[in-house]
2 protein chains.
Amino acid sequence: MRRGSPAGPRREEHSAARVDKFLATALDLFAERNFASVTIKDIAQSLGVNTALIYYYFDSKTDLFRATIEHAVGRAFENVRTLEDKSADPPTVISAWLENHVNKYAEIHRFVKIALDFRGAHEGDPNIANAIERFYDEERKLLSKVIRQGIKQGLFKPVDPNRMAQFISTYLDGCMVRSVILSDFDLEDAVRDLHRRALDMLGYSGKRRMKRQRR
Amino acid sequence: MRRGSPAGPRREEHSAARVDKFLATALDLFAERNFASVTIKDIAQSLGVNTALIYYYFDSKTDLFRATIEHAVGRAFENVRTLEDKSADPPTVISAWLENHVNKYAEIHRFVKIALDFRGAHEGDPNIANAIERFYDEERKLLSKVIRQGIKQGLFKPVDPNRMAQFISTYLDGCMVRSVILSDFDLEDAVRDLHRRALDMLGYSGKRRMKRQRR
DNA sequence: GTCTATAGAATGATAGAC
DNA sequence: GTCTATCATTCTATAGAC
């Protein structure tokens, strides 16, 4: 819960962008290290701001963490939604979704790391747990929906859409972890590998495979 | 580096089992929470022992962490080696390896979590980094070797063994993370799914699938 | 809104008795 | 080997000036 003002009259909207900057910085730090490792001082310093100021915007360190993760989930959703609208062709949406994991790697792996960290430090807060599970749910829905479309359009074999979606996103999570853990892990290559195999499993033999960047 | 005695004459072997117990307990805690969250006091309490005693066995908290992770990697290797000897039939070894991830889930997911945590808290210690990378390397070698055997024996299609191995183990990492993050993630099911797909990719149509899969 | 100053609690680590 | 006692440091959080 964000505060408005501590005691005085509410100044209202002043802070919107300010808070965003706080949250962005906090996200960086919480993802790079973890909740317990990052101190309020670290965050304040990163912002070029005094420690006490953080308590003007947030009730506690935990509160800041919650706000941070909720904000991150929000942004991730945006990403997903944009992708969904962008195109109607199922194979293209799948490609875009995979490319998204390569391009937005920084954001997504941050999310995965924080989600993992959360389970070890805040075993209680249902708000955070909820946000995380909703994210994964949404992810699965997006994929299974587009696979279902592809099947209906006769582009894909009649596989189980949910299962296939889960398979893909589980592998992608694996990629996110490995690219953090293993210094020589080639994310782009690993995702391209999945792409190839996924299309095979879907029985899609279109010659258009994953593209580099171009449109 | 483990100490012998602090100043007095070395008492030698007394501690072997004792140290193991310390490390096992530390592993539990470091995996459940993370390096910074776990205090020396926590570990001491878990052991029913005084704080100071830990400093009798280890130089510092970081030293304890290093010993813990090296110990864990050692045990993981044992697992791998045993598996390798157990059987010569490639499809069986693959099955066993996947089952291993389900059965020894507790150990393996601990390892993955700690490995991930490490990158955020000890960005320096080459010993730890080394241990982790060696583990993954060994894992990949085991799988690619057995796939290569299968191909030579005409059981599998001539796929790229390294690539296939990496694909499998990346997915397995994904499973490990998800089972921590998502409370309703069905690990056994997810691994069984991989098993089916992997055998398909390998062109292995043997009737014998993964145990417990009766339909 | 932002800062200075500091309280109050924990934590990593050490000295030394037994 | 194991414990008691304690120090020095670090950290979250608050009070209050500007």
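We name chains A, B, ... by the order of the sequence lines, and we start the count at 1 in each one.
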Query - Set of salt bridge (charged side-chain N to carboxylate O under 4.0 Å, His left out) partners for B/Lys104, sequence neighbours left out - result: none

Query raised in the report: Is B/Arg197 salt-bridged to B/Asp193, cutoff N-O under 4.0 Å?
Result: yes

Requested in this report: Only counting residues at least two apart or in another chain, list the ones meeting side chain to side chain donor-acceptor pair (under 3.5 Å) with A/Ser144.
Outcome: none

Report summary line: A/Leu53 has its side chain closest, among D/dT4, C/dT2, C/dT4, to C/dT2

Query raised in the report: Are side-chain N/O atoms of A/Thr170 and A/Asp173 paired as donor and acceptor at under 3.5 Å?
Result: no

**Report entry** Nucleotide nearest A/Tyr56 (side chain, heavy atoms from C-beta), chosen from C/dT2, C/dT14, D/dT2
**Finding:** C/dT2

Query raised in the report: C/dC18 C1' sits how many Å from B/Asn50 CG, rounded?
Result: 13 Å

Query raised in the report: According to the Watson-Crick and G-U wobble definition with distances under 3.5 Å, which dot-bracket string, read 5' to 3', encodes DNA chain C, using [ ] for crossing pairs and | for pairs with another strand?
Result: ||||||||||||||||||

Report summary line: To the nearest angstrom, the CZ-P distance between A/Phe58 and C/dG1 comes to 13 Å

Query raised in the report: Are side-chain N/O atoms of A/Ser60 and A/Asp63 paired as donor and acceptor at under 3.5 Å?
Result: no

Query raised in the report: Do A/Tyr171 and B/Phe167 have their ring centres less than 6.0 Å from each other?
Result: yes

Requested in this report: Check the distance between C/dT11's P and B/Ile43's CD1 and give it to me in whole angstrom.
Outcome: 12 Å

Could you give the side-chain donor-acceptor pairs of residues 128-135 of chain A under 3.5 Å, partners two or more places apart or in another chain?
| residue | atom | partner | partner atom | Å |
| --- | --- | --- | --- | --- |
| A/Glu133 | OE2 | A/Arg119 | NH2 | 3.4 |
| A/Glu133 | OE2 | B/Ser183 | N | 3.4 |
| A/Glu133 | OE2 | B/Ser183 | OG | 2.9 |

Under 3.5 Å, N/O pairs linking protein and nucleotides 7-13 of chain D:
| residue | atom | partner | partner atom | Å |
| --- | --- | --- | --- | --- |
| D/dT12 | OP1 | A/Lys61 | NZ | 3.0 |
| D/dT12 | OP2 | A/Ile40 | N | 2.9 |
| D/dA13 | OP2 | A/Tyr55 | OH | 2.8 |
| D/dA13 | OP2 | A/Lys61 | N | 2.8 |

Query - Non-neighbouring partners of B/Ala96 that pass side chain to side chain contact (heavy atoms under 4.5 Å, CB included), sequence neighbours left out - result: B/Leu83

